[in-house]
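Here the structure is laid out as structure tokens; the discussion comes afterwards.
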Amino acid sequence: MAKEITARTDDYSQWYIDIVKKANLADNSAVRGCMVIKPYGYAIWENMRDQLDRMFKETGHVNAYFPLFIPKSFLSREAQHVEGFAKECAVVTHHRLMNAPDGSGVVVDPASKLEEELIIRPTSETIIWNTYRDWINSYRDLPLLINQWANVVRWEMRTRLFLRTAEFLWQEGHTAHATREEAIAETRQMLDVYARFAEEYMATPVIKGLKTAHERFAGAEDTYCIEALMQDGKALQAGTSHFLGQNFAKAFDVKFLTEDNQQEYVWATSWGVSTRLIGGLIMTHSDDDGLVLPPRLAPTQVVIVPIPKPAAQINEEAEKIMKALRAQGIRVSYDTDEKNRPGFKFAEHEMRGVPVRLGLGLRDLEAGQVEVARRDTKEKKAVPLAGIAEYVAQLLEDIQQNLFDRAARFRAEKTTRVDTFDDFKAILETDIPGFISAHWDGTTETELKIKELTKATIRCIPLDGEVESGTCILTGKPSAQRVLFAKAY
RNA sequence: CGGGAUGUAGCUCAGCCCGGUAGAGUACUCGUCUGGGGGGCGAGUGGUCGCAGGUUCAAAUCCUGUCAUCCCGACCA
């Protein structure tokens, strides 16, 4: 069997790239740092997007769209915000091209210089809050609960397909509230939505937590996050939800009249997840044979492979099976390719992470059964054709659950409590370091020092972590709660 | 942006040191035998050697620049 995917133990980064390319998820593009999301990869994103969109609507949000371009002056209104993003902005300076005088092609027409440069949004807080100023007058206009699906650009030095690209797709929710408490509740609610999505749909267990001051979003008072653990023992921030306080309201002068006729600044939140989730999905479940997808997000949940190739009798049975599966709401396809042999197709569908494969040949038809192979465990089993739809429907649920359980078990195994800096360093030197739960004195100085010494960062202060006092692993100063460290993407 | 490596057929790569007008495997097309885990045989298609300059009678090969990708650092969803 010709292996086309690098083993994880040989080269984890290469394994990841192989999966992305061989499973047809994405390609590098002609533009530095940007990727082409291919139809199969985009289909996964569509499934994520559709489900998240439902969850946003269920919690009272509506979609809108704000411009790609942001006037440069907007970005600098909020001091922390501009400081955080200034180093990675693409800037539009001109609006016209012209033929080069020497005939060598087109050049920027110097006469078309913009009076004020436009920034391609790295995130939309500024343009949105500049707009909200006009939309919000009274407490009756609140809360304002808006989401947008968009692309953003952050000019990254080093990029990796899905995990960090110069342009990426995401959603950004931006809400305005009358009170601090309500805004915080919104921030927490959306964090819960993300966690539920990650666990129930991506089958990826996540830790909900609060970012430290140093890791906080530029312009936020508090940044909450969900953190997932990848198979190589590194953490991935899978989603963030920010309590913005009144920072943007003040920067953009967004006030409202309260019931007792007082002018007050509104309270804000923003929250987002991106195509990075696809990278997380890959690194949570996939193996050396290729992509492994949780059934709820898989573009194709079941594929039927005719053995040895399509034939009238097999096609007929396949149609019946497909009809029965579709009646159960299952996404199924029939591999009608005549050219490749079954063995090739098996490998191909495994590479693309199709959760369930049904192998159907004349031998099976005679026996009134079908060969059912599940992607997560690679188990194969002959199952009677009668009641196959119900069997597969249940199997898809089992696979979804098994993937979650497996990932949860892995995370539990790779989460270590340590109480000394020596133990801390020892864990980080292992092949798969994982999460380290340890005491920290709460200062940015210590956080940076630990990062400098070990490359590990504080991923979050877990929300449901037990309250336990102790002493900081580095400084020995008092600590009220353990925090979660890890090397991170 | 610093350090390292690599760009030759769709893909993986050889050829480069020692300049002489481009090869293999795979993929693709056609035929044929096959067919329950990545098939065999035969015949074909396919490349201005990343790009731009320079040296030379002659450049994939030597020189300069540039772009891209990968790995390692600093930064980040």
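A note on names: the letters A, B, ... follow the listed sequences, proteins ahead of strands, and every chain is numbered from 1. These numbers were taken from a predicted model, which means no experiment stands behind them.
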- For G33(A), answer base if it contacts any base atom (sugar-phosphate contacts may also be present), sugar-phosphate if it contacts only those atoms, and nothing otherwise; contact means non-hydrogen atoms under 4.0 Å. sugar-phosphate
- Item | Cation-pi, Y16(A) ring and R160(A) (6.0 angstrom, 45 degrees) | yes
- Query: Between rC70(B), rG38(B), rG37(B), which nucleotide has the shortest distance from any of its atoms to the side chain of M351(A)?
  - Reply: rG38(B)
- Query: Reading nucleotides 71-77 of chain B 5' to 3', which nucleotides get B (base under 4.0 Å from a protein heavy atom), which S (sugar-phosphate only), which -?
  - Reply: SBBBBBB
- K21(A) NZ to rC70(B) P, straight-line distance once rounded to whole Å: 7 Å
- Item | Rounded distance (Å) that lies between atom C1' of rG36(B) and atom CZ of F346(A) | 6 Å
- What integer distance in Å separates D27(A):CG from rU69(B):P? 13 Å
- Note on the structure: Rounded to whole Å, the CG-P distance (L362(A) to rG35(B)) equals 13 Å
- Query: Side-chain N or O of R341(A) less than 4.0 angstrom from OP1 or OP2 on rU34(B)?
  - Reply: no
- What integer distance in Å separates R375(A):CZ from rG37(B):P? 17 Å
Using a cutoff of under 3.5 Å, can you pull out all pairs of nitrogen or oxygen atoms linking the protein to nucleotides 25-29 of chain B, with atom names and distances?
unit_1  : atom_1 : unit_2  : atom_2 : d
rC28(B) : OP1    : K339(A) : NZ     : 3.0

- Item | Counterpart base for rU69(B), defined by Watson-Crick or G-U wobble contacts under 3.5 Å | rA5(B)
- Message: Can you tell me whether the side chain of E350(A) and the base of rG37(B) have a donor-acceptor pair closer than 3.5 Å?
- Response: yes
